[in-house]
Amino acid sequence: MQASVSSLSISLPNSTFRSNIRFCGLRQQALGFQSVSQSQLNKSQRIRIVGRKSRLQKRLVSVSASDSDNGSPTKSFDYDLLIIGAGVGGHGAALHAVEKGLKTAIVEGDVVGGTCVNRGCVPSKALLAVSGRMRELQDEHHMKALGLQVAAAGYDRQAVADHASNLASKIRNNLTNSMKALGVDILTGFGTILGPQKVKYGKVGFPDNVITAKDIIIATGSVPFVPKGIEVDGKTVITSDHALKLEVVPDWVAIVGSGYIGLEFSDVYTALGSEVTFIEALDQLMPGFDPEIGKLAQRVLINPRKIDYHTGVFATKITPAKDGTPVIIELTDAKTKEPKGTLEVDVALIATGRAPFTKGLGLENINVETQRGFVPVDERMRVIDANRNLVPHLYCIGDANGKMMLAHAASAQGISVVEQVSGRDHVLNHLSIPAACFTHPEISMVGLTEPQAKEKAEKEGFEMSIAKTSFKANTKALAENEGEGLAKLIYRPDNGEILGVHIFGMHAADLIHEASNAIALGTRIQDIKFAVHAHPTLSEVLDELFKSAKVNASVTKPVSEPVAV
Ligand SMILES: Cc1cc2nc3c(=O)[nH]c(=O)nc-3n(C[C@H](O)[C@H](O)[C@H](O)COP(=O)(O)OP(=O)(O)OC[C@H]3O[C@@H](n4cnc5c(N)ncnc54)[C@H](O)[C@@H]3O)c2cc1C
Ligand SMILES: NC(=O)c1ccc[n+]([C@@H]2O[C@H](COP(=O)([O-])OP(=O)(O)OC[C@H]3O[C@@H](n4cnc5c(N)ncnc54)[C@H](O)[C@@H]3O)[C@@H](O)[C@H]2O)c1
């Protein structure tokens with residue numbers, strides 16, 4: 001059976017089961033306290049001061065569907081490859097392993113799909129699809145400019161919540177079916193490493209199963225990180241796990257952390273009518289982005305919306321709402337550690353990063369010490385033990401190694417490991433992995449930010465240049481009345497190497513792939529600038545960007561022979 005597998009998309013050429021699955025591409029009950037007077041106060045009145053199977057047990061394997069042969073295991077092992085964790089990383093590795101003819105099993109302690117499908121990319125992008133439309137329908141000025149008249153836009157909170165949960169179930173079923181169809185054994189239970197090439201798995205109340213595999217991949221992912229002092233009750237002090245259920249659209253929500261999760265939820269909440277207050281520990285909002293793009297994003301995504309913010313402060317204590325009192329947030333200056341006042345809000349969303357899920361994995365049985373919970377790995381995702389030696393036949397991919405906490409990065413790392421265990425050396429270039437924040441408009445990036453590129457240029461002694469193009473000069477963007485946007489190219493003028501590309505604007509998340517593929521394939525600007533783009537399309541923003549770069553190197557790729565059309 002043939003299966004074409006790309007990082008996060010699969011096509012099964014089986015006439016009875018054809019599935020083309022894309023995973024990333026990516027909820028009002030009144031709160032009790034809202035009936036009390038606090039909820040009737042306006043925002044300014046409520047800020048007080050601010051500042052893991054034995055051979056005998058093979059029959060017991062929970063799912064071992066087989067309309068496809070999943071290889072024969074290497075002599076003396078139950079499996080060639082055992083993956084612990086069936087998130088997108090584990091799933092990507094499993095599909096590629098089957099394509100490589102490896103007898104593969106995947107152990108999952110909860111539900112297939114992991115964070116991305118159940119509590120991450122998928123439901124959040126469903127909510128963002130709604131917020132994007134709401135935003136557009138509510139933008140009278142934009143509608144008028146297109147000559148459209150629209151009556152007041154409204155939404156049904158439960159129907160929006162259902163859209164997100166239905167999408168998650170659909171993608172979860174697709175993922176499960178794709179593995180079953182290829183004959184991957186899905187073993188249900190929590191996996192623990194017992195020793196080299198040996199894992200036990202089981203459910204509470206049932207005897208453990210022990211299985212052996214030639215190679216093992218840890219793909220156990222992450223969970224929300226909640227700083228000390230913050231009490232999460234799941235109703236008024238919540239993490240993204242809760243927020244994605246959209247059980248409430250609060251009047252006023254404080255979002256702690258202005259990274260990806262914070263920003264995306266600010267887009268959802270403000271489109272649905274909430275007021276947002278960001279609490280960010282660093283001196284600027286969106287500190288992870290290229291500073292210039294961050295500034296532009298602030299001008300478009302923050303300033304004109306019902307959003308205010310406190311930067312340079314930690315939320316050091318958060319107490320959930322109770323008996324009529326609101327959520328109380330104590331702020332502390334990040335530098336002086338002096339108290340900076342208190343905020344009283346309806347809901348606090350904690351978006352302060354993710355913690356690796358490596359507890360109970362049995363790493364101590366193989367002399368591996370985690371670093372802040374993350375599994376230490378080298379550039380080939382090989383696990384490093386406490387004595388700085390590589391643990392043979394053990395790899396860790398995805399959020400659990402903390403290299404790049406993105407779904408497609410987890411999957412790409414899984415594919416890279418499978419290439420290695422099936423005999424081909426492979427090192428993934430993380431600088432070619434794109435990232436995107438699905439706000440309206442979107443932000444996307446690949447490679448280095450300007451400060452990072454500057455630092456590298458100084459260290460390695462090369463010149464660095466920048467080219468920019470505006471969406472305002474793009475016909476398609478203007479036709480859509482979406483001219484607000486910028487694309488920025490950071491490059492080496494001496495050899496045309498692309499160091500980084502950052503895009504803010506309509507469909508930025510789709511546009512970034514021309515740049516990320518160019519970096520991955522080592523394509524230089526002097527070559528890519530001759531590639532032809534359809535007109536009028538948003539992709540011409542990148543065409544213009546590459547054409548505007550001043551490169552002092554000649555074309556490196558041979559011009560192809562003329563072909564009669
Ligand atoms: C709100 C939100 C939105 C996001 N949006 C995006 C996005 O748009 N794009 C993007 O690229 N990324 C996004 N991410 C990040 C993305 O979800 C993660 O990077 C990705 O899910 C990591 O995949 P993984 O396979 O490493 O881990 P996970 O998806 O976390 O999967 C790990 C799996 O392992 C299982 N497991 C753990 N321990 C064991 C054990 N001992 N035995 C058996 N099973 C175990 C878990 O139950 C889980 O199913 C988002 C995250 C969040 C929280
Ligand atoms: N579109 C996407 O690809 C997408 C969407 C959502 C999440 N994700 C992934 O999920 C991961 C987690 O996202 P995230 O937004 O939670 O983390 P993040 O690391 O992107 O941002 C966390 C922010 O919280 C701030 N912070 C930390 N502790 C704080 C405190 N006590 N008080 C105030 N501010 C504090 C940090 O300075 C930082 O700006 C990210 O690594 C991201 O890659 C990706």
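Order of listing sets the numbers, starting from 1, for every ligand and every atom in it. The structure displayed is predicted, hence computed values, not measured ones.
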Looking only at distances, can you tell me whether any N or O atom of [X], backbone or side chain, sits closer than 3.5 Å to an N or O atom of ligand 1?
{"X": "Phe265", "answer": "no"}
{"X": "Arg119", "answer": "no"}
{"X": "Thr115", "answer": "yes"}
{"X": "Asp399", "answer": "yes"}

Using a 4.0 Å heavy-atom threshold (strictly under), name the region of [X] that reaches ligand 1: side chain, backbone, both or neither.
{"X": "Ile261", "result": "side chain"}
{"X": "Ala407", "result": "both"}
{"X": "Tyr260", "result": "neither"}
{"X": "Pro224", "result": "neither"}

TODO: Verify whether one side chain among Asp233 and Thr236 offers a donor that lies under 3.5 Å from an acceptor in the other.
DONE: yes
Open item on the list: Looking only at side-chain N and O atoms, does Gln413 offer a donor or acceptor that is under 3.5 Å from a partner on His430?
Closed with: yes
Heavy-atom proximity to [atom], best of [options]:
{"atom": "atom 17 (O) of ligand 2", "options": "Gly353, Gly259, Ala435", "value": "Gly353"}
{"atom": "atom 39 (C) of ligand 1", "options": "Leu361, Asp241, Thr239, Thr220", "value": "Thr220"}
{"atom": "atom 17 (O) of ligand 1", "options": "Cys116, Pro123, Ala400, Gly120", "value": "Cys116"}

- [ ] Without swapping roles, check the side chain of Thr352 against the backbone of Ile350 for a donor-acceptor pair under 3.5 Å.
- [x] no
Open item on the list: For Phe278 together with Phe265, are the ring centres under 6.0 Å from each other?
Closed with: no
TODO: Keeping to residues at least two apart or across chains, list the ring pair (Phe, Tyr, Trp, His ring centres under 6.0 Å) pairs with something in residues 166-189.
DONE: none
TODO: Identify, by atom number and element, the atoms of ligand 1 in contact range of Ser222, meaning under 4.0 Å from any of its heavy atoms.
DONE: 30 (O)
Task: Per-atom contacts of ligand 1 with Phe438, taking only distances under 4.0 Å to non-hydrogen atoms - done: 8 (O)
Task: Pairs involving residues 402-421, ordered by first then second residue, that meet salt bridge (charged side-chain N to carboxylate O under 4.0 Å, His left out) (sequence neighbours left out) - done: Lys100-Glu419, Glu419-Arg424
Open item on the list: Consider side-chain hydrogen bond (donor to acceptor under 3.5 Å, both in side chains). Of Glu280, Gln298, Gln284, which one does Tyr309 pass it with?
Closed with: Gln298
TODO: May I ask whether Val313 has any heavy atom positioned less than 4.0 angstrom from an atom of ligand 2?
DONE: yes
